[in-house]
2 protein chains.
Amino acid sequence: MERELLLLGLLRHNHMHGYELHEFINRDLASCTDLKKPTAYYLLDKMAAKGWITQTEEQEGSRPPRRVYQLTAEGEAAFQRLLRENLVAYHQARFAGDIGLAFVDALEPEEARTLLQRRRDTLAGELAATRHIPLHHGTLQLVIEHQIRHLKAELEWLDEVLGRLSVD
Amino acid sequence: MERELLLLGLLRHNHMHGYELHEFINRDLASCTDLKKPTAYYLLDKMAAKGWITQTEEQEGSRPPRRVYQLTAEGEAAFQRLLRENLVAYHQARFAGDIGLAFVDALEPEEARTLLQRRRDTLAGELAATRHIPLHHGTLQLVIEHQIRHLKAELEWLDEVLGRLSVD
DNA sequence: GGGCGCATGTAATGAGTTACATGATTGA
DNA sequence: TCAATCATGTAACTCATTACATGCGCCC
């Protein structure tokens with residue numbers, strides 16, 4: 001699974017704890033993935049059980065203790081394997097919004113335009129927000145760049161659809 | 001859920017049975033969604049239980065009997081509601097392939113290029129195949145058009161990434 | 001005679017989510 | 001003092017998948 005790859009990749013250079021990983025992913029990588037807290041803890045436990053990562057209890061002042069993870073040799077091997085698997089394969093994207101578009105002719109063009117205009121506004125907001133994400137180091141930045149390209153293309157596509165709905 | 005919307009939308013104009021729906025979706029809409037057979041039957045049962053659709057047993061010769069579904073008034077209402085819900089919202093796309101890209105600098109550029117070239121080949125094949133899907137009627141065709149646009153954009157993006165990997 | 005297509009399902013499993021629970025610290 | 005942040009988790013549930021099971025008809 002690519003979520004495990006993501007966690008391993010992040011833990012490779014920075015030893016982090018669950019809360020920190022969840023926070024990083026949902027703040028800086030939200031445009032690409034989302035990982036809920038229980039899922040993060042669940043995956044970390046699972047990978048620890050597989051021997052891919054080890055945990056060290058850490059305490060800072062009187063804060064809640066936290067479990068900081070780092071890769072083992074097997075973890076690094078798993079990372080290498082998952083990375084190559086991920087890179088060779090083309091992963092098809094599914095666009096949930098297309099199912100609505102497929103049946104948009106069931107509505108009056110005017111209502112359809114109003115609804116899609118709202119979708120467009122959200123999309124434009126998403127694009128603006130993604131443009132303001134601070135730069136990541138190394139190829140992590142590719143994820144953001146890809147998302148920005150995609151959002152721009154989606155905006156153009158939606159505008160074309162809106163245009164067609166006005167003409168028809 | 002958008003899968004229910006999809007099934008309702010298809011059943012609105014053509015009364016179909018489970019096998020037929022599954023076949024249509026996985027042949028003509030594969031670029032957009034996929035729906036496994038058990039999932040199709042499961043959803044149809046669920047929607048029948050909710051009173052959204054009714055089934056009529058049909059027999060053609062000595063073929064296995066089949067359950068042909070059609071929308072009820074509540075089904076039509078559900079369709080209208082789900083359609084509007086789907087159209088207003090922007091549904092974020094997640095690109096599983098980006099997680100590999102995020103860590104591609106863990107590999108030698110040469111190996112990375114080789115792996116991504118294979119991804120590119122699959123992608124190009126997907127684009128060619130999608131271009132040969134026969135036209136759908138009405139706005140169903142939008143789904144295919146969107147996918148073609150997306151695949152073209154992805155190809156350009158991958159080529160840029162490959163170019164950068166050669167330079168660095 | 002063997003395999004594929006038609007047509008339906010069940011059972012087990014997995015992945016991920018929501019909602020809930022805990023408890024200390026920090027800041028307004 | 002009240003809310004938010006830090007930090008971890010459990011339990012129940014949903015959605016969808018895989019693997020398995022059945023049985024007839026058609027074509028080579």
Side-chain angles (χ1 to χ4, degrees), chain A residues 1-8 11 14-27 29-30 32-50 52-53 55-69 82 86 91-94 96 99, chain B residues 1-8 10-11 14-27 29-30 32-50 52-53 55-69 82 85-86 91-94 96 99:
Chain A
M1 304 301 77
E2 61 268 0
R3 285 154 188 275
E4 295 187 339
L5 176 59
L6 176 60
L7 292 175
L8 290 175
L11 287 173
N14 309 304
H15 305 165
M16 298 160 95
H17 56 276
Y19 192 86
E20 206 179 351
L21 282 161
H22 166 257
E23 207 183 33
F24 177 76
I25 291 169
N26 286 271
R27 193 188 55 228
L29 257 36
C32 158
T33 314
D34 68 322
L35 188 73
K36 302 293 146 104
K37 265 186 281 185
T39 311
Y41 288 119
Y42 165 71
L43 287 175
L44 288 168
D45 281 353
K46 224 177 62 173
M47 293 199 293
K50 283 194 274 198
W52 291 3
I53 52 179
Q55 60 209 43
T56 323
E57 196 100 349
E58 233 183 44
Q59 186 113 25
E60 206 171 280
S62 54
R63 286 280 180 72
R66 50 201 199 185
R67 296 182 188 166
V68 179
Y69 294 94
L82 292 173
N86 183 283
H91 304 264
Q92 197 188 328
R94 325 127 62 214
I99 295 181
Chain B
M1 305 301 80
E2 60 268 0
R3 285 154 188 276
E4 294 187 341
L5 175 59
L6 175 61
L7 292 175
L8 289 175
L10 293 176
L11 286 174
N14 309 304
H15 305 164
M16 297 162 97
H17 56 276
Y19 192 86
E20 204 178 353
L21 283 161
H22 165 257
E23 206 183 34
F24 177 77
I25 291 169
N26 286 272
R27 192 189 53 228
L29 256 40
C32 158
T33 314
D34 68 322
L35 190 73
K36 303 293 146 110
K37 265 186 281 186
T39 311
Y41 287 119
Y42 166 71
L43 288 175
L44 288 168
D45 281 353
K46 223 177 64 174
M47 294 198 294
K50 281 194 275 198
W52 291 3
I53 52 180
Q55 60 209 43
T56 323
E57 196 100 350
E58 234 183 44
Q59 187 113 25
E60 204 170 282
S62 55
R63 287 280 180 72
R66 50 205 200 181
R67 296 184 188 166
V68 178
Y69 293 93
L82 291 173
E85 265 177 35
N86 183 284
H91 304 263
Q92 199 188 328
R94 324 118 75 206
I99 296 182

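Side-chain atoms are counted along with the backbone in the values below, which use heavy atoms only and exclude waters and symmetry mates. Here is how names work: the chains are called A, B, and so on, in the same order as the sequence lines, proteins then strands, and each is numbered from 1.
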**Message:** Between Asn86(B) and His91(B), is there a side-chain heavy-atom distance shorter than 4.5 Å?
**Reply:** yes

Select one nucleotide: of [options], the one nearest the side-chain heavy atoms of [X].
X        : options                   : result
Tyr41(B) : dA7(C), dT8(D), dT17(D)   : dA7(C)
Pro38(B) : dT17(C), dC15(D), dT10(C) : dT10(C)
His17(B) : dT10(D), dA7(C), dC6(D)   : dA7(C)
Met1(A)  : dT10(D), dA15(C), dT18(D) : dA15(C)
Thr39(B) : dA7(C), dA16(D), dT18(D)  : dA16(D)

Length of the [atom1]-[atom2] vector between [X] and [N], whole Å:
X        : N       : atom1 : atom2 : value
Tyr19(B) : dG23(D) : OH    : C1'   : 14 Å
Glu4(B)  : dT14(D) : CD    : P     : 13 Å
Lys46(A) : dT13(C) : NZ    : C1'   : 12 Å
Leu7(A)  : dG16(C) : CG    : P     : 11 Å
Gln55(B) : dA7(C)  : CD    : C1'   : 14 Å
Tyr42(A) : dT18(C) : OH    : P     : 17 Å
Asn26(B) : dA16(D) : CG    : C1'   : 13 Å
Leu5(A)  : dA15(C) : CG    : C1'   : 17 Å

**Item:** Upstream residue (5' side of DNA chain C) when Asp45(B) and Lys37(A) are each assigned their closest nucleotide
**Value:** Asp45(B)

**Message:** Need one value for Glu23(B): base, sugar-phosphate or nothing, where a base atom within 4.0 Å counts as base even if backbone is also close, heavy atoms only.
**Reply:** sugar-phosphate

Identify the heavy atoms of [X] and [Y] that sit nearest to each other, and give their distance.
X        : Y        : result
Leu11(A) : Tyr69(A) : CD2-O, 3.7 Å
Ile53(B) : Leu44(B) : CD1-O, 3.5 Å
His17(B) : Arg67(B) : CB-O, 3.0 Å

**Asked** Taking only N and O in the side chain of Arg3(B), is any of them less than 4.0 Å away from OP1 or OP2 of dA16(D)?
**Response** yes

**Asked** Is a salt bridge present between Lys46(B) and Glu4(B), judged by a nitrogen-to-oxygen distance below 4.0 Å?
**Response** yes

